[in-house]
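Down below is the structure, laid out as C-alpha cells.
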Amino acid sequence: METDSFPIVGVGASAGGLEALRSMFSGNSEQCGMAFVVVQHLDPNHESLLAELIGRHTSLAVAQAVDGQVVEADHVYVIPPGFGLAIDGGRLNLVKFREPRGMRRPI
C-alpha cells in the first residue's frame, strides 16, 4: 500500500521470526521515508515486547499499533496480541478475531 507521499511496507512473521525482524531493522538505522507494519503470530494471552525488541535495532520510531492511529513515515508499527490489523485511509484498524484460537491467520 502507498499513501499520497510514502510507501507502507507490510511485514509478516511467524512466532519464530524475531531474529529475522531484528536483522531487517538493524539495516534501517536512518530515516527511509517509509512506514513498516509488522504482523507476527503472537500469543493473545501475553503482553508483547515485540516493539521494544525491534526498537533496540533501529533508530526508527517503533510502537505497538493503536486503533485509529495515523500511519507516519519513518515509523514501525507492530500488531498487538489478540488482534488482527488492517489499514484503511492511512489509519491502522485493530480487528477482533472471529475464528477460534488455532484458526486465526493474522498474516
Side-chain angles (χ1 to χ4, degrees):
M1 172 181 195
E2 187 169 323
T3 64
D4 291 338
S5 59
F6 62 92
I8 299 173
V9 179
V11 180
S14 68
L18 179 58
E19 191 57 39
L21 291 168
R22 286 179 185 163
S23 179
M24 182 182 122
F25 286 109
S26 66
N28 287 310
S29 59
E30 298 180 16
Q31 292 186 345
C32 58
M34 297 183 282
F36 296 88
V37 178
V38 177
V39 177
Q40 185 179 34
H41 292 138
L42 299 171
D43 184 333
N45 299 317
H46 290 91
E47 184 177 330
S48 174
L49 298 175
L50 186 59
E52 291 85 1
L53 295 172
I54 290 173
R56 294 177 187 166
H57 297 276
T58 182
S59 62
L60 298 174
V62 183
Q64 189 165 280
V66 175
D67 192 45
Q69 184 173 24
V70 175
V71 178
E72 298 179 56
D74 302 314
H75 285 68
V76 180
Y77 304 92
V78 300
I79 191 171
F83 289 94
L85 188 61
I87 300 176
D88 186 24
R91 292 184 180 271
L92 299 171
N93 296 305
L94 300 183
V95 180
K96 291 190 178 194
F97 288 114
R98 292 185 210 142
E99 302 84 12
R101 191 167 180 203
M103 300 298 293
R104 300 174 182 167
R105 310 262 189 280
I107 300 172

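Q64 places no side-chain N or O within donor-acceptor distance of the main-chain N or O of V78, the cut-off being under 3.5 Å. Between the D74 side chain and the C32 main chain, a donor and an acceptor come within less than 3.5 Å of each other. When atom types are taken as modelled, the side chain of N93 and the backbone of I87 share no donor-acceptor pair closer than 3.5 angstrom. Counting only distance, with no hydrogens or angles, the side chain of Y77 and the backbone of E72 share a donor-acceptor pair below 3.5 Å. Although no hydrogens or angles enter the test, the distance criterion places a donor-acceptor pair under 3.5 Å between the side chain of H75 and the main chain of A73.
V39 places none of its side-chain heavy atoms less than 4.5 Å from the side chain of V11. Side-chain contact between F25 and V38 is present, with at least one heavy-atom pair separated by less than 4.5 Å.
Residues A13 and L21 share a closest heavy-atom pair of CB-CD1, 4.1 Å. Nearest heavy atoms, P80 versus A65: CG-O, 4.0 Å. When every heavy atom of L50 is checked against every heavy atom of Q40, the shortest pair comes out as CD2-OE1, 3.2 Å. Taking both residues in full, the closest heavy atoms of F6 and G33 are given as CB-O, 3.1 Å, listed atom of the first, atom of the second, then distance. Contact between I8 and V37 at its shortest, heavy atoms only, is CG2-CG2, 3.8 Å.
Partners of E47 by salt bridge (charged side-chain N to carboxylate O under 4.0 Å, His left out), not counting sequence neighbours: none found. R91 is linked by a side chain to side chain donor-acceptor pair (under 3.5 Å) to nothing, counting only residues two or more places apart in sequence or in another chain.
Following chains of ILVMFWY side-chain contacts shorter than 4.5 Å, one can reach V9 starting from M24, so the two form part of one hydrophobic cluster. Both I54 and L49 are part of a single hydrophobic cluster, where members link through side-chain heavy atoms under 4.5 Å apart.
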Could you check V95 against L85 for side chain to side chain contact (heavy atoms under 4.5 Å, CB included), going step by step and ending with a plain yes or no? CA-CA 6 Å; V95 180; L85 188 61; over 6 Å; no
